[in-house]
Amino acid sequence: MNYNSLTTHETQNDSISITGKSEDSTYWSVADIEALLDAPFNDLIYRAQCVHRQHHDANGVQLSTLISVKTGGCPEDCGYCPQAARYHTSVENQDMLSLDDVVSAAAAAKAKGASRFCMGAAWRGPKQRDIEKMTEMVRAVKSLGMETCATLGLLKPGQAEQLGEAGLDYYNHNLDTAPEYYEEIITTRQYQDRLNTLQEVRNAGINVCCGGIVGMGETRQSRAGLIAQLANLNPYPESVPINHLVQVEGTPLYGTAALDPLEFVRTIAAARITMPKAMVRLSAGRQEMSEAIQALCFLAGANSIFYGDKLLTTGNPETDHDRALLDKLGLHAL
Ligand code: SF4
């Protein structure tokens, strides 16, 4: 299947090119992005930093807090995920949180400096009664003055509109990996299902948050393939989380050979260069990353992190550590 037929991305104006390819092109082939990933590290980071400075506050980082509003028991088989019911992991199932719990968590996150609050639920997709509860949560979190994001799985026609009417700013739905590697990771939903949900989100006028996971045993070409899919969406996502696999015992991907951390930095740089205006989110996996690698990710154009000591179920650096790191690097919260 040719997923690239969905494509073409915004034109950008940047003259710095290390590969013969610049951001004002209309289409990024996998080979174009492989050329970026293959470039000398200094050239790649320099180009990413130049693009970053053209479009963003060079020293600003958005702080987002993530909460799991319904945990575990998911019928899907995503090979990295401890919330899949079929894998035996230490994650305990938890029914949907109450509205009060969610609002308290959002208020606490805001008090600590987060400006964006993301709500995740482990479903194949929400039922109508779930959408009704989620719209209440979105309205309540919005009323605190925070940006809202939700990640609830596949959306049926009409569901995105309901979330949009409640004021949802972003819907997250990741492509996870390149099309050719996808079946190694997930078999219970197809790549096209994901693209269909992204289209529902676009049609409802909600911003798209869409990225992937690296370190799942994929090749550099597959990492390029993922970035090409994202960059060629029309338009490309406003928000691009780049996750590093967090290996959880009991999941099929536990024990996957570790990715060279500099390869992760290269992937961030490729995302920044090919999607200049997007927020590039340094997402899962930071707890296992050194401060030096995180600093390189910021240099490569990452400008958002998850802030709070827990992601949906896996660990994240303590907020005090993150504040100290931002201070050390002279970065400020957006
Ligand atoms: S990633 Fe989401 S859809 Fe996949 S198993 Fe985990 S909770 Fe379910």
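Remember, it's 1-based here, ligands and their atoms both numbered in the order they're listed. Owing to the predicted nature of the structure, the values given are computational and were not obtained by experimental measurement.
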List the residues meeting side chain to side chain donor-acceptor pair (under 3.5 Å) with Glu132, not counting sequence neighbours, and say none if there are none.
Gln128
Let me confirm one number: the NE2-CE distance from His55 to Met275, rounded to the nearest 0.5 Å.
13.0 Å
Decide, yes or no, whether a salt bridge links Arg194 with Asp176 under the criterion of side-chain N to carboxylate O below 4.0 Å.
yes
Under a 4.0 Å threshold between the charged nitrogen and the carboxylate oxygen, would Glu34 count as salt-bridged to Arg220?
no
Just to check, does Arg189 reach to within less than 4.0 Å of ligand 1 when the distance is taken from its heavy atoms?
yes
Ion pair check, Arg286 and Asp322, cut-off under 4.0 Å:
yes
Can you list the protein N, O or S atoms less than 2.8 Å from atom 6 (Fe) of ligand 1?
Cys81 SG
Who else is in Leu154's hydrophobic cluster (ILVMFWY, side-chain heavy atoms under 4.5 Å, direct or via others)?
none
Check side-chain contact (heavy atoms from CB on, under 4.5 Å) between Asp57 and all other residues, then give those that pass, not counting sequence neighbours.
Asn59, His332, Leu334
Any protein heavy atom sitting closer than 4.0 Å to atom 3 (S) of ligand 1?
yes
